Every structure is written in structure tokens, then in C-alpha cells.
Amino acid sequence: MTNYVHGYSAVEADRLHDQATTLGELLHGDSVFPEGSKILEAGCGTGCQTIFLASNNPSCHITSIDISQNSLAIAKDKIVARGISNVHFRCADILNLPFGADEFDHLFVCFVLEHLPDPGAALASLKRVLKKGGSVTVIEGDHGSVCFHPETELARKTIRCLVDIQSEMGGNALVGRE
């Protein structure tokens, strides 16, 4: 089971919301699936990406999972506050999914793999629950490709610190390029 959980503090939850809102159109403009599809969102965290996924797919059945009950509670509150009703939340570990084989039409993974010590194992676990012919959407960051203006040594050190800390916690902030 993965122990690292992203977004526990209120400040971090707010940052994740700001990030999702800023990147929403860019990341989710084409995250649209056929009507009636069953979608698994793996690692929904505090629901920042769930809002876009559910809003873009109102006729789909979305199951959003996370290992943190606290994060799931925040996510559910966000969805309920917006009157969205097509999302079911469930506490689950991405490496030990409580679903049958071939259960979902689509898998959606956004900013999750970078936090895992073995992203390949997570993808293999997810593949088991995907129907033949289904699709996988994976959105990941690459903190090694950031640009600054003006570029400063302090800005570069700050990003390097993020990459190093995530590595020390078992993740990989450069997984997007891998």
C-alpha cells in the first residue's frame, strides 16, 4: 500500500484547487467520453480534477478512488456543492483495486503516478479493471521542464528542492518525461 498522501493540509488542498482551475481548460478540454461510460478516476485526492471530469461527462458513471478518507471527504463536499451527481467515491488503493476484471470503459489518472514508488505496478493494476478496447487518460507533470522569466538561480533551486523531496518520499517529479 502506498503511504504518501498529497493534499492533507488546507493550504495544500487550496493550492491543488488553484492548480486545477488554472490548468482546467488545457488539461480537460477533451476529456469527454461516450454517454453511459463507466470511468474509474484513480487517485482523485481532494477532487480538483474530478470536478472537470464529471462536468465534462454528465451522463457517465464515475467511480473516484483515493487511499485517503480525508481527501475523499473534501472531494465529495466539492462535488455535492456543485450539484454533481454522477460520481461515486470509494476508499481504495491503486495497487490493490477492489473491482472485477474488465469493469471500466475508461481509466483517468491525473497527477498520481509522480507520487508513487512504482508507477508501472499501478498501471498494471489499473489495466486489469479496464475493458478490452477501453481507453486510458494519464496526465502527469514534469517539474524538470519548468520555465521562468526572469530565470533565477533561486527559482531553479526551488524546483530542484521539489524534485528532491518528492524523490525522498518515494515519488518521481520527472515521471512525465519518462
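Computed from a predicted model, the values in this text were never measured in an experiment. The figures here come from the full heavy-atom set of this structure, side chains too, leaving out hydrogens, waters and symmetry mates. In what follows, residues are counted from 1 in the order of the sequence shown.
- The backbone N or O of Val32 sits nowhere less than 3.5 Å from a side-chain atom of Asn56 that would complete a donor-acceptor pair.
- Note on Asp102 versus Lys131: no salt bridge recorded, every NZ/NE/NH1/NH2 to OD/OE distance being 4.0 Å or above.
- Here the CZ atom belonging to Phe104 is positioned 10.0 Å from the CG atom belonging to Leu130, to the nearest 0.5 angstrom.
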ask   = Does the side-chain contact (heavy atoms from CB on, under 4.5 Å) test come out yes or no for Phe89 and Thr63, once each step is laid out?
value = CA-CA 6 Å; Phe89 292 97; Thr63 300; over 6 Å; no

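- Partners of Glu168 under the side chain to side chain donor-acceptor pair (under 3.5 Å) rule, at least two apart in sequence or in another chain, do not exist in this structure.
- Contact record, Cys91 with Ile67: SG-O, 3.6 Å, taken as the closest heavy-atom pair.
- Lys76 pairs in a side chain to side chain contact (heavy atoms under 4.5 Å, CB included) with only one of the listed residues (Val80, Leu72, Ile79), which is Val80.
- Lys78 and Cys48 make their closest contact through NZ-SG, 3.3 Å (heavy atoms, listed as atom of the first residue, atom of the second, distance).
- Judged by distance alone, with hydrogens and angles left aside, the side-chain atoms of Asp118 form a donor-acceptor pair with the main-chain N or O of Ala121 at under 3.5 Å.
- When only modelled atom types and interatomic distance are considered, Thr50 and Glu41 share a side-chain donor-acceptor pair under 3.5 Å.
- Side-chain atoms of Arg90 do not come within 3.5 Å of backbone N or O of Asp66 as any donor-acceptor pair.
- For Ile65 against Ala42, the heavy-atom pair with the smallest separation is CG1-CA, 3.7 Å.
- The shortest heavy-atom contact between Ser125 and Ile94 is OG-O, 2.8 Å.
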ask   = Checking side-chain contact (heavy atoms from CB on, under 4.5 Å) for the pair Ile84/Ser55: CA distance, chi angles, key distance, verdict?
value = CA-CA 7 Å; Ile84 297 171; Ser55 296; 3.7 Å; yes

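- In this structure, the separation between CZ on Phe108 and CD1 on Ile39 is 9.0 Å, given to the nearest 0.5 Å.
- Within the model, atoms CG of Leu53 and CG of Asn86 stand 8.0 Å from one another, a figure rounded to the nearest 0.5 Å.
- Between the CD1 atom of Ile139 and the CD atom of Glu114 there is a distance of 12.0 Å, given to the nearest 0.5 Å.
- Put simply, the side chain of Ser31 does not reach to within 4.5 Å of the side chain of Phe52, judged on heavy atoms.
- With hydrogens and angles disregarded, a donor-acceptor distance shorter than 3.5 Å links the side chain of Ser37 to the backbone of Pro34.
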request  = Evaluate the side-chain contact (heavy atoms from CB on, under 4.5 Å) criterion for residues Val129 and Leu107: first the C-alpha distance (whole Å), next the side-chain angles of each, then the deciding distance (0.1 Å), finally the verdict.
outcome  = CA-CA 9 Å; Val129 302; Leu107 303 176; 4.0 Å; yes

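- Defined by atom type and a distance below 3.5 Å, a donor-acceptor pair is present between the side-chain atoms of Ser135 and His106.
- Leu123 contributes atom CG, which lies 10.0 Å from atom CG of Leu95 (distance to the nearest 0.5 angstrom).
- At least one donor-acceptor pair under 3.5 Å links the side chain of Asn57 to the backbone N or O of Phe33.
- Not a single donor-acceptor pair under 3.5 Å links the side chain of Arg128 to the backbone N or O of Ala124.
- Other residues, nucleotides and ligands place no more than 12 heavy atoms under 6.0 Å from the CD atom of Glu35.
- In plain terms, the two heavy atoms of Leu113 and Val109 that are nearest each other are CG-CG1, 4.2 Å.
- Atom NE2 of His61 is separated from atom CG of Leu40 by 14.5 Å, given to the nearest 0.5 angstrom.
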